[in-house]
Structure formats: C-alpha cells, structure tokens
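See structure below.
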Amino acid sequence: MTFEKEYYEKKERFENYLNSLVGGFRDIPEPLYSAITYSLVGNGGKRLRPILFLAAAQLFGAKETESLLKTACAIECLHTYSLIHDDLPCMDNSDTRRGKPSNHKVYGEDVAVLAGDALLNMAYELLLDAVTLCENTSKHNYIRAAKLISELAGSRGLIAGQVVDTAVDTEKHVSARLNYIYQHKTADLITASLLSGAVVGGASEADIGKIREAGDNIGYVFQIMDDLIDFESGEDEGKNTFVHIYGVKEAKRAVSDRTAMAMTQLSALNGDTSFLRLLVKNLSIRKN
Ligand code: GRG
C-alpha cells in the first residue's frame, strides 16, 4: 500500500468515528453546536495528531478499540480548541482558518470562546471515557496517556508556548524564546500524540524515551515548514519566525537536520516504523 493510501485510510477511519461521536452532540444548544461542529468536522484539517497517535499505538500492537479512537478524538478536540482560541482578536487575530472564515468570524467572539472551552472539556470527557471503557489490563496505560496529554497541552506545555508567543516583552534571548515557543506551542501536542500512542500500545520505557525525542524533532520540522510555507506564499506578516531570524537557507537546513534526527530515533524503535518515517519525510517537504 502506498503511503498516501495508508494515510487517507487512517484519516477516513478516524473521521468516521469522529462523525459518529458528533452525531451525539445534537442536544448541545445552538449556536454552540454549530460552532463546535464547524471547526471540528465541517472544516477539517489534516488530522495529523490523531494519525500520529494511532500510528504510534498500532506500532506497539494496540488494537483499534473504542478507547483508542476516543483518545484520538480527544487529541483532535484539544488541537481544534487551540486553533479557535488562537484565531481570536485577543490572540493572533486571524480572520481565516483553512481557507474559510475563522470560528469567531462566523459565530462571534463570545461563542468562539465557548466553543473552544467546550472542546477542551470534551477532550477530558473522552480521555476519561477511554479509561472507563478499556480492558482492566490497559487501565494503567490509558491513565498514564491521559496525564501525559494533559501535561503537554497544559500550562507548562501548549499554553506556556502560547503565552510566551503572545507576550510582547520577554527577558529571554531571541533564539531561546523562539526555541521555547516552538517546543511548547507546536512540538508538545505532536509529542503528546506520539507519546500517548506509544504508552497505550504498551511500549517499553526505552522506546517511550526515543518516541519523545522523535516527537520533539517532528514538531520542529512541522513548525519550521509552516514558517517556510507562509514565507514563500507571502503570508507571514513579518512575525518573529525561524525564517525571519535565521533566513530561508538556515530554516531548510534545520528541517533537514531535524528530519534526519527523527528518522534515526524512529528507526531505533522495536517494530515496523515505515509509515511513521514516511510521514516525517512527507512533513519535511509538505506544501500545506
Ligand atoms: C490558544 C492555548 C492556545 C494555543 C494556540 C495552535 C496554536 C496554539 C497556535 C496556532 C498557530 C500556530 C502556528 C501553531 C503551531 C501549530 C500549527 C501550525 C497548527 C496548525 O496545525 P495543522 O496545520 O492544522 O496541523 P490543521 O488545519 O491541519 O488541523
């Protein structure tokens, strides 16, 4: 099977489950229901994080159970909430997302804030459902995965990266600051996806350590590619990005170095990592 086919098959299976879950949202009052579904399913993205989670879990032998799929959905809910809140006027003030009006442009700021809050709560509801539904022998792993996800999405993870990115004044040196932002705002949720997948799949402690390192490198590759894509399409609005600080050549070199490191770390894992390695390769040359 080609990489593209495998990616889209995984994406489709994930989206089928996500859609069935959303089918149960009909009792959520309007306009909250529409605002949530607009960003979670109506205007879907690449589903990179749930696919990383599922691929890491399956690498270590996890079956596609309800608990596994609910955890994948929880990760996508966290990602979606972060995008809705990031687009708000008080944050990045972005009118569009995925080529369409951003959530607050359609539903208003008040509803967009609440849709993000609802998705954040939903994520933890799903993580707890996953723990409740899994077999007794897997409970410890699902609890550990939920804790890792909550830490990496929390105030020392994703939110830490966002607050430093948002703050105008900082005592950190420019490169240390950039590093901190990329690590937390982008890499932490990517690492959380891989790491929690490895944990629920029952990976060894040694493999969990390698997965964490690979996740961080993949996160950097993803973010620097995002900067390069924005720069090359003239959409980067002069922000302090890796490309702005170090230039295109250095950015491309960093992508290539970090990709090579991630490949080495993935190759050292016990199991067939071909899908994950092809995914990393594709991220390092992506166009959107
Ligand atoms: C509001 C707590 C909080 C955090 C916001 C997501 C985020 C942090 C900021 C968005 C801006 C940004 C450049 C984030 C880096 C990660 C990133 C590029 C997210 C977009 O991810 P994709 O491309 O999105 O995977 P799709 O549309 O495919 O789902």
Side-chain angles (χ1 to χ4, degrees), residues 7-8 10-11 14-15 18 38-53 72-73 75-104 109 112-121 123 149-167 178-194 215-216 218-231 233 235-244 251 255 279-280 282-284 286-288:
Y7 189 96
Y8 285 105
K10 280 186 167 37
K11 184 171 184 273
F14 166 73
E15 287 183 335
L18 183 67
Y38 178 75
S39 295
L40 188 62
V41 289
N43 195 7
K46 294 181 282 298
R47 311 302 194 189
L48 171 66
R49 293 150 195 83
I51 288 174
L52 285 171
F53 166 78
C73 291
I75 293 170
E76 188 67 4
C77 286
L78 286 169
H79 169 63
T80 309
Y81 117 78
S82 78
L83 297 180
I84 296 174
H85 280 189
D86 184 64
D87 289 338
L88 288 168
C90 61
M91 300 257 178
D92 209 34
N93 193 17
S94 185
D95 289 354
T96 57
R97 166 72 55 190
R98 300 172 181 147
K100 289 194 184 165
S102 45
N103 198 290
H104 67 273
E109 278 182 57
V113 168
L114 293 169
D117 292 344
L119 284 161
L120 177 55
N121 276 277
I149 293 168
S150 60
E151 280 172 359
L152 286 160
S155 46
R156 294 179 186 82
L158 172 70
I159 300 174
Q162 181 74 354
V163 80
V164 172
D165 196 19
T166 309
L178 189 76
N179 217 32
Y180 187 93
I181 294 169
Y182 283 21
Q183 170 72 53
H184 296 294
K185 191 181 79 172
T186 310
D188 278 358
L189 203 52
I190 286 176
T191 299
S193 308
L194 284 165
D216 287 347
I218 296 167
Y220 275 86
V221 168
F222 186 82
Q223 183 59 61
I224 300 171
M225 282 309 294
D226 216 57
D227 297 345
L228 281 165
I229 292 165
D230 281 352
F231 181 79
S233 64
E235 281 173 26
D236 82 338
E237 297 163 8
K239 286 185 213 153
N240 267 347
T241 64
F242 195 101
V243 176
H244 269 266
V255 166
L279 180 47
V280 174
N282 273 270
L283 290 178
S284 75
R286 72 190 176 100
K287 300 271 177 257
N288 63 21

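Ligands are counted one by one from 1 in listed order, and the atoms in each one are counted from 1 as well. Quick caveat: nothing in here was measured; it's all calculated off a predicted structure.
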Which residue supplies the protein heavy atom nearest to [atom], what is that atom called, and how far is it?
atom                    : answer
atom 9 (C) of ligand 1  : Asp86 CG, 3.2 Å
atom 3 (C) of ligand 1  : Gln162 CG, 3.7 Å
atom 6 (C) of ligand 1  : Ser82 OG, 3.2 Å
atom 15 (C) of ligand 1 : Gln223 OE1, 3.0 Å
atom 27 (O) of ligand 1 : Arg98 NE, 2.7 Å
atom 14 (C) of ligand 1 : Lys185 CE, 3.7 Å
atom 2 (C) of ligand 1  : Tyr81 OH, 3.5 Å
atom 17 (C) of ligand 1 : Phe222 CE2, 3.8 Å

- Task: Indicate yes or no for a side-chain donor-acceptor contact from Asp92 to the backbone of Leu88 under 3.5 Å, with no hydrogens or angles considered.
- Result: no

- Task: Taking all non-hydrogen atoms of both residues into account, name the closest pair between Leu279 and Leu52 and its distance.
- Result: CD2-CD2, 3.5 Å

- So is Arg49 in contact with ligand 1, going by heavy-atom distances below 4.0 Å? yes

Could you list the atoms of ligand 1 found under 4.0 angstrom from a heavy atom of [X]?
X      : answer
His85  : 1 (C)
Gly45  : 26 (P), 27 (O), 28 (O), 29 (O)
Thr186 : 15 (C), 16 (C)

- Message: Using the rule given for side chain to side chain donor-acceptor pair (under 3.5 Å), can you reason through Asp227 versus Tyr182, listing the C-alpha separation, both sets of side-chain angles and the distance that settles it, and then say yes or no?
- Response: CA-CA 11 Å; Asp227 297 345; Tyr182 283 21; 2.3 Å; yes

- Using a 4.0 Å heavy-atom cut-off, say whether Lys46 meets ligand 1 through its side chain, its backbone, both or neither.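 Both of them.
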
- Note on the structure: Going by the 4.0 angstrom heavy-atom rule, the piece of His79 near ligand 1 is side chain

- Message: Checking Asn179 against Gln183 for the side chain to side chain donor-acceptor pair (under 3.5 Å) test, could you report, in this order, the C-alpha distance in whole Å, the side-chain angles of both residues, the deciding distance, and whether it holds?
- Response: CA-CA 6 Å; Asn179 217 32; Gln183 170 72 53; over 6 Å; no

- Quick one: sort the Tyr180 and His184 rings into parallel, tilted or perpendicular, breaks at 30° and 60°.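 Judged by the thresholds at 30° and 60°, the geometry between Tyr180 and His184 is tilted.
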
- Task: Flag yes if more than 12 heavy atoms outside Arg98 fall under 6.0 Å of its CZ atom; otherwise flag no.
- Result: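 Result for CZ/Arg98: enclosed.
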
- Query: Between atom CG of Asp86 and atom CE of Met91, what is the distance when rounded to the nearest 0.5 Å?
  - Reply: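 These two atoms lie 7.5 Å from each other.
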
- Message: Let's go through Asp95 and Ser102 carefully: what are the C-alpha distance in whole Å and the side-chain angles of both, what is the deciding distance for side chain to side chain donor-acceptor pair (under 3.5 Å) to 0.1 Å, and is it a yes or a no?
- Response: CA-CA 5 Å; Asp95 289 354; Ser102 45; 5.3 Å; no

- Task: Please say whether the positively charged group of Arg286, taken as NZ for Lys or CZ for Arg, lies over the ring of Phe222, i.e. under 6.0 angstrom from the six-membered ring centre and within 45 degrees of the axis.
- Result: yes

